[in-house]
Number of protein chains: 2
Amino acid sequence: MAAAQTETLHSRILAELTRKIVDGSWPPGHQLPKETELATQYGVSRMTMNKVLTQLAQEGYVVRRKRTGTVVAQPRAQSAVLAINNIQDEVAALSRRYHWRLLSAETRPRSAQDQRQLDLDAEEGTCDTLFLQGLHYSNDDPFCLESRAINLGVVPDAAGMDFDCDVPGSWLLQTMPWTNARHHVRAVNVAGRDATLLQLPVGAACLEILRKTQIEGEWVTYVRLLYPGEAHQLVAEFEGRPGG
Amino acid sequence: MAAAQTETLHSRILAELTRKIVDGSWPPGHQLPKETELATQYGVSRMTMNKVLTQLAQEGYVVRRKRTGTVVAQPRAQSAVLAINNIQDEVAALSRRYHWRLLSAETRPRSAQDQRQLDLDAEEGTCDTLFLQGLHYSNDDPFCLESRAINLGVVPDAAGMDFDCDVPGSWLLQTMPWTNARHHVRAVNVAGRDATLLQLPVGAACLEILRKTQIEGEWVTYVRLLYPGEAHQLVAEFEGRPGG
DNA sequence: TAGTGGTCTAGACCACTCC
DNA sequence: GAGTGGTCTAGACCACTAG
């Protein structure tokens, strides 16, 4: 975070304790003084110190246990978080022109190919489903091929939408309240129609992102995003700490 | 999270308010009652309600402003987080046998190839550097090719280590206190020596993860991890909300 | 200038866990 | 049984900001 504001009491203390852990003054396993002691040392109330220690714990720097007190956590797995943003923002971030072209839209029963390509869950096959395919462009170059299934049982309005104009992802985001999603990311060799659409030679490496979106237990949409591998990468900053 | 314990006051209230937002009872833009009112409604002190609202805010569900009060946030970018774990844990999670084989280890000036392959920062070239390469195996199949540079100025002990036995990543993790890292993930077509080592045909799609690790502003290590694309994928759960 | 969230305190009770 | 963190309260002052 920005170290600009060392304003509040607990943020100042938090920064101080974090520093001791990060620079090794308090190595992993080190036992911290108890809440009341720390509160006295820093001249604050126990609630304030509790706020600091609670935050330190939920950031993974320390482990707190009743009776035994607070100790500096062991750095564990090299786990990190990668941000997956929406495509329009990605293109905009590169200061390039963005546009979307709808290739196909049809309401039909799912095929075996849909099932395979979008990694659809088998038991969720009964609803009316809208299948879409389209291309995201960056400066008139294909940037991402999107294949999507939308559950019309959950989002009936999608049936009447003109996805020539509205980008399905953005529209769904505006339409639906809050959602949960599961992502899979892997590398694939592009082939066939996908290669043609992305203007890539057969066999070129692409980054494939599969996303299943749910709301309140019902599936909303499955998406497959295919990015030319050389042209795209996910970037992540990561603060080293356990869990995540 | 697990909905098991609806024990504490604020966790119960937090769950209740979150539900109202997620199921659409409180749509984006909806104005919440003020802290004191909510506290009265739920029969708790203002501090307790503040704790709830603060957490709701830092989870991105609401936006709080002085004078104007608290409103439900607009769902923004489809951003998500992807976990990158360490390789040993990944293999273990698949209930497979793991082992590591060191291919090469040498202390030498960086070459143009190192620079390119590991995406080394130009200005960080003066220190003594240890270069390693090795393979992670899952059930005796190549699972990941690791190429690494270690800054001996920061980790002098690495020079005397026997990385035939110790996996460099794990050892560094145990040795160093807390670190920060930057990741890049992309898809590449494997070629040359990399293909041979991973026992893949030339051109096979691979997931490439580049990681730069820092501690207190100094670079510690650069790693390039190359996974056979078909055999590996990153998975992420994601709670829909702005920022992240 | 008035109303909101942001913060802090001093004290209290409880649950859990190790001895 | 004793000590720790986990939680909650009632009241207070401050900073920011819209009107």
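Each chain gets a letter, A, B and so on, in the order its sequence line appears, and its residues count up from 1. We use all heavy atoms of the structure for the numbers below, so side chains are in, but hydrogens, waters and symmetry mates are not.
- When rounded to the nearest whole Å, the span between NZ of A:Lys66 and P of C:dC18 equals 12 Å.
- Ion pairing between a basic and an acidic side chain is recognised when a charged N comes within 4.0 Å of a carboxylate O; A:Arg224 and A:Glu146 show no such pairing.
- Atom CD in B:Glu35 sits about 14 Å away from atom C1' in D:dG11, given to the nearest Å.
- Side chain to side chain, A:Arg97 and A:Ser138 fail the donor-acceptor criterion of an N or O pair below 3.5 Å.
- Contact annotation: A:Thr48 side-chain N/O to C:dT9 OP1/OP2 distance is under 4.0 Å.
- Nucleotide C:dT7 holds its P atom 10 Å from the CE atom of B:Met47, rounded to whole Å.
- You'll find that the side chain of B:Leu9 is closest to D:dT9, out of C:dT7, D:dT9, D:dA15.
- Judged by distance alone with a 3.5 Å cut-off, no donor-acceptor contact links the side chain of B:Arg65 to the base of C:dG6.
- Within 4.0 Å of A:Thr68, counting heavy atoms only, lie sugar-phosphate atoms of the nucleic acid but no base atom.
- Counting atom types as modelled, A:Arg67 pairs a side-chain N or O with a base atom of D:dA2 as donor and acceptor under 3.5 Å.
- Following rounding to the nearest Å, A:Leu56 (CG) and D:dG5 (P) show an atom-to-atom distance of 13 Å.
- Ring to ring, B:Tyr137 and B:Trp100 are not that close: their centroids are 6.0 angstrom or more apart.
- Here the P atom of nucleotide C:dT7 and the CE atom of A:Met49 are 16 Å apart, to the nearest Å.
- Between A:Lys34 and the phosphate of D:dT4, there is a side-chain N or O to OP1/OP2 separation shorter than 4.0 Å.
- Side-chain contact annotation: A:Gln214 with A:Asn180, donor-acceptor N/O pair under 3.5 Å absent.
- Within the nucleic acid shown, B:Thr70 comes within 4.0 Å of sugar-phosphate atoms alone, with no base atom in reach, counting heavy atoms only.
- Nucleotide C:dT7 forms a Watson-Crick or G-U wobble pair with D:dA12, both donor-acceptor distances falling under 3.5 Å.
- Using a cutoff of 4.0 Å between basic side-chain nitrogens and carboxylate oxygens, B:Lys212 and B:Asp121 are scored as salt-bridged.
- Protein atom NZ of A:Lys51 is 13 Å distant from nucleotide atom C1' of C:dT9, rounded to whole Å.
- Put simply, CZ on A:Arg46 is 10 Å from C1' on C:dA12, counting in whole angstrom units.
- Per the geometry, CD belonging to B:Glu37 stands 14 Å off C1' belonging to C:dG5, to the nearest Å.
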